[in-house]
There are 2 protein chains.
Amino acid sequence: MAPRLVKNGHSFYVPVMPKVTEEHRAARRAQIVAAARRCVIEQGFHKTTMAEVIRESGLSAGAVYGYFKSKEQIVEAIAEEALSTVDELFGKLLASEEPLSPLAALEAALNHVVSIAERPGGDVTRVAIQAWSEALRNPAIMTIAQGKYAQVRGRFEDVARRGQADGTVDPSVDPRHIAQALFGIVPGFLLQRLIMGDVAPGTYTAGLRALLRS
Amino acid sequence: MAPRLVKNGHSFYVPVMPKVTEEHRAARRAQIVAAARRCVIEQGFHKTTMAEVIRESGLSAGAVYGYFKSKEQIVEAIAEEALSTVDELFGKLLASEEPLSPLAALEAALNHVVSIAERPGGDVTRVAIQAWSEALRNPAIMTIAQGKYAQVRGRFEDVARRGQADGTVDPSVDPRHIAQALFGIVPGFLLQRLIMGDVAPGTYTAGLRALLRS
DNA sequence: CTCAATAAAGAACGGTCATTCGGTTTTTCG
DNA sequence: CGAAAAACCGAATGACCGTTCTTTATTGAG
């Protein structure tokens with residue numbers, strides 16, 4: 001519902017804004033996204049039909065299409081949401097504990113994955129996996145994924161640099177490569193959690209630590 | 001085309017086998033799978049239409065449906081193929097080099113990922129990511145994924161046990177957890193390779209090794 | 001070579017689904 | 001309160017797509 005140009009009493013064309021409050025529109029939008037998220041978690045992006053999203057949202061087709069131009073836009077909104085959740089952690093994490101070892105940051109990240117997976121509103125990590133898949137053929141989602149994950153890797157890079165300054169991490173290795181390795185552990189954990197269902201942050205990092213001695 | 005029971009000249013019902021050789025049928029099947037794989041790599045499971053697979057295979061609708069009962073069966077065949085490729089490596093790897101450290105096995109696995117990604121016939125790792133996504137809502141693919149990945153993890157577990165026997169790996173840690181951690185590094189590498197496009201096995205494992213000192 | 005049965009072909013069908021659009025309700029503002 | 005515009009509704013639409021089915025070609029046996 002883009003503002004349209006209409007003639008006012010002074011014979012000027014002015015933009016006409018929505019009649020409802022911006023909060024109302026935001027709430028409706030969130031309502032649609034939440035409904036769509038539930039559908040996507042159960043059925044995936046492609047098997048989810050607009051009819052289901054519409055029913056689940058409690059709105060009508062016309063209303064939903066007043067907020068999103070197409071199904072693809074809803075999918076993008078959900079994908080972005082899912083791809084953003086990993087980074088949430090770092091705001092709190094990096095601010096608080098001053099001496100933060102890379103492995104401690106990683107364990108915090110894995111714990112964060114579990115906590116967002118168990119959040120009410122549905123396991124968003126399921127959406128993340130679908131977003132990876134979708135990114136391969138949807139340039140918009142690919143761009144979102146690249147941006148979000150570059151950001152997370154930047155966070156890990158900071159942690160690596162800090163470790164090198166502390167002397168706890170080999171300073172001769174490019175911190176970007178350390179960040180790649182650190183970040184890359186998260187998808188493997190997340191995937192095994194959903195497919196195999198037998199991993200836990202504590203034992204996972206323990207297994208990792210045992211390796212470092214080889 | 002299952003063999004049917006027909007009455008022969010001796011009044012017995014016997015199975016009637018296809019008129020063409022079994023090799024011919026296998027070749028045709030492979031032809032269809034290869035065509036479908038190309039389509040799926042470009043467009044994904046869901047955006048790939050049977051019309052495209054049919055055109056790409058050079059066959060007709062009737063012919064294709066003589067080899068696969070449905071699109072879903074083709075998808076399953078491709079997913080299984082993609083989920084199997086990671087394990088290919090271990091047959092050669094575990095047989096040859098006797099002293100095999102876990103990190104060496106991992107680096108070999110990452111190199112293997114790159115080599116299968118560059119194989120002619122298309123980057124199968126793209127299909128693997130889609131298979132993960134699909135497994136979340138398709139029980140058949142979920143079962144395949146669980147089986148294949150349990151197998152790969154079993155291989156890594158053997159390697160971990162060997163390392164513990166050698167004294168190069170902490171023997172107090174459950175080798176299953178070490179296997180989880182080792183295996184879990186592969187998806188993260190594969191994902192970053194496709195999404196970020198800036199990882200390489202050598203520097204990746206170097207980044208990992210730098211961590212182990214913290 | 002002839003016959004019978006399989007294999008392949010491809011046009012047609014039926015169902016599904018995203019989206020639209022004309023009508024109705026609700027909201028805001030003078 | 002009354003008018004005008006936005007917000008909402010939901011049945012209708014038209015494109016797309018997996019699958020089938022009838023017809024034709026090919027194969028191998030006798």
Side-chain angles (χ1 to χ4, degrees), chain A residues 1-10 13-29 31-32 35-36 39-40 43-78 138, chain B residues 1-10 13-32 35-36 39-40 43-77 138:
Chain A
M1 240 122 265
R4 298 176 314 141
L5 293 183
V6 300
K7 210 172 174 189
N8 68 4
H10 305 280
Y13 286 90
V14 298
V16 170
M17 295 309 283
K19 285 243 177 159
V20 296
T21 64
E22 204 48 56
E23 295 79 52
H24 177 241
R25 286 194 67 81
R28 275 279 201 270
R29 202 188 142 94
Q31 185 179 350
I32 294 166
C39 294
V40 166
Q43 320 210 13
F45 283 144
H46 296 280
K47 285 276 156 85
T48 293
T49 68
M50 285 303 287
E52 286 162 346
V53 174
I54 288 160
R55 180 165 31 74
E56 190 78 9
S57 73
L59 296 174
S60 67
V64 169
Y65 275 89
Y67 290 87
F68 291 93
K69 185 172 115 277
S70 64
K71 181 184 175 183
E72 188 168 316
Q73 288 213 342
I74 299 180
V75 166
E76 278 176 32
I78 293 177
N138 182 329
Chain B
M1 238 124 271
R4 298 178 313 141
L5 293 183
V6 300
K7 209 169 174 191
N8 67 4
H10 304 282
Y13 285 90
V14 297
V16 169
M17 295 310 282
K19 283 242 176 157
V20 295
T21 65
E22 203 49 54
E23 294 79 52
H24 177 241
R25 288 193 67 81
R28 276 281 202 269
R29 202 189 141 94
Q31 185 179 351
I32 294 166
C39 294
V40 166
Q43 321 211 15
F45 284 143
H46 296 281
K47 285 275 156 87
T48 293
T49 68
M50 285 303 289
E52 286 163 345
V53 174
I54 288 159
R55 180 165 32 74
E56 189 77 10
S57 71
L59 297 174
S60 67
V64 170
Y65 275 89
Y67 290 87
F68 291 93
K69 186 170 114 276
S70 64
K71 181 185 176 185
E72 188 168 316
Q73 287 212 345
I74 299 180
V75 166
E76 279 176 32
N138 181 329

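By convention in this document, chain letters (A, B, ...) are assigned in the order of the sequence lines, proteins followed by strands, and residues within each chain are numbered from 1. FYI, side chains are in, hydrogens and waters are out, and symmetry mates aren't considered; it's all heavy atoms of this structure.
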Measure CZ/B:R55 against C1'/C:dA9 and give the value in whole Å, please. 16 Å
Between A:E22 (CD) and D:dA6 (P), how many Å, whole number? 15 Å
B:K47 NZ to C:dC17 P: how many Å, rounded? 14 Å
Could you state the OH-P distance from A:Y65 to C:dC21, rounded to the nearest angstrom? 13 Å
To the nearest angstrom, the NE2-C1' distance between A:H24 and C:dT26 comes to 10 Å
A:R25 side chain near D:dA6 phosphate (N/O to OP1/OP2, under 4.0 Å): no
Could you work out which one of C:dA9, D:dC8, C:dT19 sits closest to the side chain of A:S60? D:dC8
Is any side-chain heavy atom of A:F68 less than 4.5 Å from a side-chain heavy atom of A:R29? yes
Can you tell me how far C1' of C:dT19 sits from CD1 of A:I74, to the nearest Å? 12 Å
Sub-4.5 Å side-chain heavy-atom contact between B:M50 and B:I74: yes
Would a distance-only check, ignoring hydrogens and angles, find a side-chain to backbone donor-acceptor pair under 3.5 Å from B:Q43 to B:T48? no
Tell me: CE of A:M50 to C1' of D:dA12, nearest whole Å? 17 Å
Nucleotide C:dA18, atom C1' - distance to CZ of A:F68 in whole Å: 16 Å
Looking at every strand, decide which applies to B:S57 at a 4.0 Å heavy-atom threshold: base, sugar-phosphate, or nothing. nothing
OP1 or OP2 of D:dA7 versus the side-chain N and O atoms of A:R28: is any pair under 4.0 Å? no
